[in-house]
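Only one structure is covered here, and it is reproduced in the block below.
Note: hydrogens, waters and symmetry copies are ignored here, and every other heavy atom, side chains too, is used.
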Amino acid sequence: MKTYAIVGNQYEGLYTQPWSTVQKYTQTKPAPRYKGFTSASAAQSWFDEQKNSQDLSSRKYSIAYDGQFKTDPEKYYLFTDGGSRNTGNVAGGHVKATDKAAWALAIYRGNNLTEPLFQAAEAFFGRTNNEMEILAVIHSLEQAQKVTAPVVIVSDSKYVLDSVTNWMHNWKAAGWKKSTGTIANLELWQKVDQLLQPIAERLEFIWVKGHATSAGNVLVDRLLNEAMDQLK
């Protein structure tokens with residue numbers, strides 16, 4: 001008999017009912033982590049491991065609707081953004097080879113969120129918005145490896161934050177697979193996972209509303225658009 005383990009919603013626990021019954025317990029918001037096992041002991045071990053990981057700040061994100069959040073003088077704040085001038089069929093999906101896309105990153109230290117210590121952007125032809133959002137996080141994680149202080153990644157993409165704090169770990173636990181089909185940008189997500197692991201205990205995430213009241217978010221949006229403007 002198969003045992004299913006669910007972590008992260010109101011139905012958290014172990015189940016031995018058929019998948020047709022258990023499946024509805026996984027279809028909630030926030031999306032839980034879940035997995036099926038051939039033995040109850042394996043399910044319990046995975047469940048305990050997942051519960052322990054919930055204490056990591058890198059497995060969740062806080063929300064700053066007005067772009068304002070309490071800063072810490074000891075932390076670095078890495079604002080990331082990605083975008084695509086997509087003239088293709090689906091926003092964030094199909095693009096034309098001539099469509100422009102870019103990612104951007106701006107790093108601040110402590111309570112000063114007006115003067116970045118570092119900023120970077122890079123533009124491409126024929127890449128999707130989602131690719132650019134993920135690349136921005138990859139570059140931020142690479143920069144985070146260079147310091148030993150706590151790091152906060154700030155993004156306006158709930159797709160990225162839901163993936164990096166939740167869905168990505170489900171995919172990895174399932175052998176980098178998901179039940180609903182292929183994982184878009186799989187190699188990029190595997191790179192994110194590789195870079196995140198060494199700094200998970202000093203990493204956290206914040207979501208801010210895009211193009212609104214966060215100076216850091218406004219800056220990275222401007223940087224990526226300037227990078228696209230310069231792409232010939």
(Q) Less than 4.5 Å apart, side chain to side chain, heavy atoms only: is that true for Leu186 and Trp171? (A) no
Q: Indicate the atoms forming the closest heavy-atom contact of Trp189 with Ala184, along with that distance.
A: CD1-O, 3.4 Å
Q) Hey, what do you get for CG (Leu224) to CG (Leu219), rounding to the nearest 0.5 Å? A) 10.0 Å
Q: Identify the two heavy atoms, one from Leu223 and one from Ala121, that lie closest to each other, and give their separation to 0.1 Å.
A: O-CB, 3.8 Å
Q: Can you measure from NZ (Lys70) to CD1 (Ile206) and round to the nearest 0.5 angstrom?
A: 12.5 Å
Q: Measure from the side-chain N and O atoms of Arg85 to the backbone N and O of Lys100, and report whether any donor-acceptor pair falls under 3.5 Å.
A: no
Q.
Could you tell me if the side chain of Lys158 sits less than 4.5 Å from the side chain of Leu161, heavy atoms only?
A. no
Q) Can you name the residues that form a side chain to side chain donor-acceptor pair (under 3.5 Å) with Lys35, not counting sequence neighbours? A) none
Q.
Atom NZ of residue position Lys209 - does it have more than 12 heavy atoms of other residues, nucleotides or ligands inside 6.0 Å?
A. no
Q.
Looking at Thr3 and Tyr15, would you say the former's side chain and the latter's main chain have a donor-acceptor pair under 3.5 Å?
A. no
Q. Would Ile199 end up clustered with Leu105 when hydrophobic side chains under 4.5 Å apart are linked, directly or stepwise?
A. yes
Q) With a 4.5 Å heavy-atom cut-off, do Arg33 and Trp167 have their side chains touching? A) no
(Q) Do Ile63 and Tyr65 make a side-chain contact, defined as non-hydrogen atoms from C-beta onward lying under 4.5 Å apart? (A) yes
Q) In terms of heavy-atom contacts, does CD of Glu115 have more than 12 from other residues, nucleotides or ligands at under 6.0 Å? A) no
Q) Are Leu113 and Val151 linked, directly or through other ILVMFWY residues, by side chains that come within less than 4.5 angstrom of each other? A) no
**Q.** Close side-chain approach of Val95 to Arg127, heavy-atom, < 4.5 Å
**A.** no
Q: Test Asn217 against every option in Asp81, Thr80, Asp156 by the side-chain hydrogen bond (donor to acceptor under 3.5 Å, both in side chains) rule and name the one that passes.
A: Asp156
Q: Please report the C-alpha distance between Arg202 and Val147 in whole Å, then the side-chain angles of each, then the deciding distance to 0.1 Å, and finally whether the side-chain contact (heavy atoms from CB on, under 4.5 Å) criterion is met.
A: CA-CA 11 Å; Arg202 58 182 178 90; Val147 299; 4.0 Å; yes
Q: Not counting sequence neighbours, list each pair that qualifies as a ring pair (Phe, Tyr, Trp, His ring centres under 6.0 Å) and has a residue in residues 111-140.
A: Trp103-His139
**Q.** Residue pair Ala5 / Leu14: nearest heavy atoms and the distance that separates them
**A.** CB-CD2, 3.5 Å
Q: Go through the steps to decide whether Tyr11 and Tyr25 satisfy the test ring-ring contact (aromatic ring centres under 6.0 Å, His included), and finish with yes or no.
A: CA-CA 6 Å; Tyr11 299 111; Tyr25 302 151; 4.8 Å; yes
Q: Kindly determine whether Tyr4 and Tyr34 satisfy ring-ring contact (aromatic ring centres under 6.0 Å, His included), including the steps that lead there.
A: CA-CA 7 Å; Tyr4 298 94; Tyr34 57 91; 8.8 Å; no
(Q) Using side-chain heavy atoms (C-beta onward) and a distance below 4.5 Å, is Thr71 in contact with Lys75? (A) no
**Q.** Lys2 (side chain) donor-acceptor with Gly36 (main chain) under 3.5 angstrom
**A.** no
**Q.** OH on Tyr159 to CG on Asn129, rounded to 0.5 Å
**A.** 9.5 Å
Q. Between Arg109 and Asp72, does at least one N-O distance fall below 4.0 Å, as a salt bridge requires?
A. no
Q.
When you group the ILVMFWY residues by side-chain heavy-atom contacts below 4.5 Å and let the links chain together, are Val208 and Leu203 in the same group?
A. no
Q) Is the side chain of Glu49 donor-acceptor paired with the backbone N or O of Ser45 at a distance under 3.5 Å, no angle test? A) no
Q.
Could you work out, with side chain to side chain donor-acceptor pair (under 3.5 Å) as the rule, every residue matching Thr28, not counting sequence neighbours?
A. Asn9
Q. Between Lys60 and Glu204, is the closest basic N to carboxylate O distance under 4.0 Å?
A. no
Q | Pairwise distance CE(Met168) to CG(Leu196) - rounded to 0.5 angstrom | A | 5.5 Å
Q) Going from CG on Asn185 to OG1 on Thr128, what distance comes out if it is rounded to the nearest 0.5 angstrom? A) 5.0 Å
**Q.** Arg59 side, atom CZ; His169 side, atom NE2 - distance, nearest 0.5 Å
**A.** 4.0 Å
(Q) As a quick check of understanding, evaluate side-chain contact (heavy atoms from CB on, under 4.5 Å) for Phe205 and Val152, giving each step before the final call. (A) CA-CA 5 Å; Phe205 296 93; Val152 183; over 6 Å; no
Q: Locate the shortest heavy-atom distance separating Ser140 from Ile153; write the atom from each residue and the value.
A: OG-CD1, 3.3 Å
**Q.** Asn225 side chain to Arg222 backbone, donor-acceptor under 3.5 Å
**A.** no
Q: Answer with yes or no after comparing the ring centroid distance for Tyr108 and Phe79 against a 6.0 Å cut-off, counting only values under it.
A: yes
Q.
Is it the case that over 12 heavy atoms from other parts of the model lie below 6.0 angstrom from the CD atom of Gln145?
A. yes
Q | Side-chain donor or acceptor of Asn166 paired with backbone N/O of Asp162 under 3.5 Å | A | no
Q | Same apolar cluster (I L V M F W Y, side chains within < 4.5 Å links), Ile134/Met228 | A | no
**Q.** Basic-acidic side-chain contact under 4.0 Å: Lys191, Glu187
**A.** no
Q. In terms of hydrophobic clustering (I, L, V, M, F, W, Y; side-chain heavy atoms under 4.5 Å; direct or indirect links), are Leu195 and Trp176 co-clustered?
A. yes
Q) Are any non-hydrogen side-chain atoms of Glu133 and Val160 less than 4.5 angstrom apart? A) yes
Q) Hey, is NZ on Lys178 packed in by over 12 heavy atoms from elsewhere, all under 6.0 Å? A) yes
Q. Ser58 and Ala200: which non-hydrogen atoms are nearest, and at how many Å?
A. OG-O, 3.4 Å
Q) Taking all atoms of both residues into account, what is the closest heavy-atom pair of Asp66 and Gln68, and its distance? A) OD1-N, 3.0 Å
Q.
If we check side-chain contact (heavy atoms from CB on, under 4.5 Å) with Leu78, which of these qualifies: Ile107, Val220, Val137?
A. Ile107
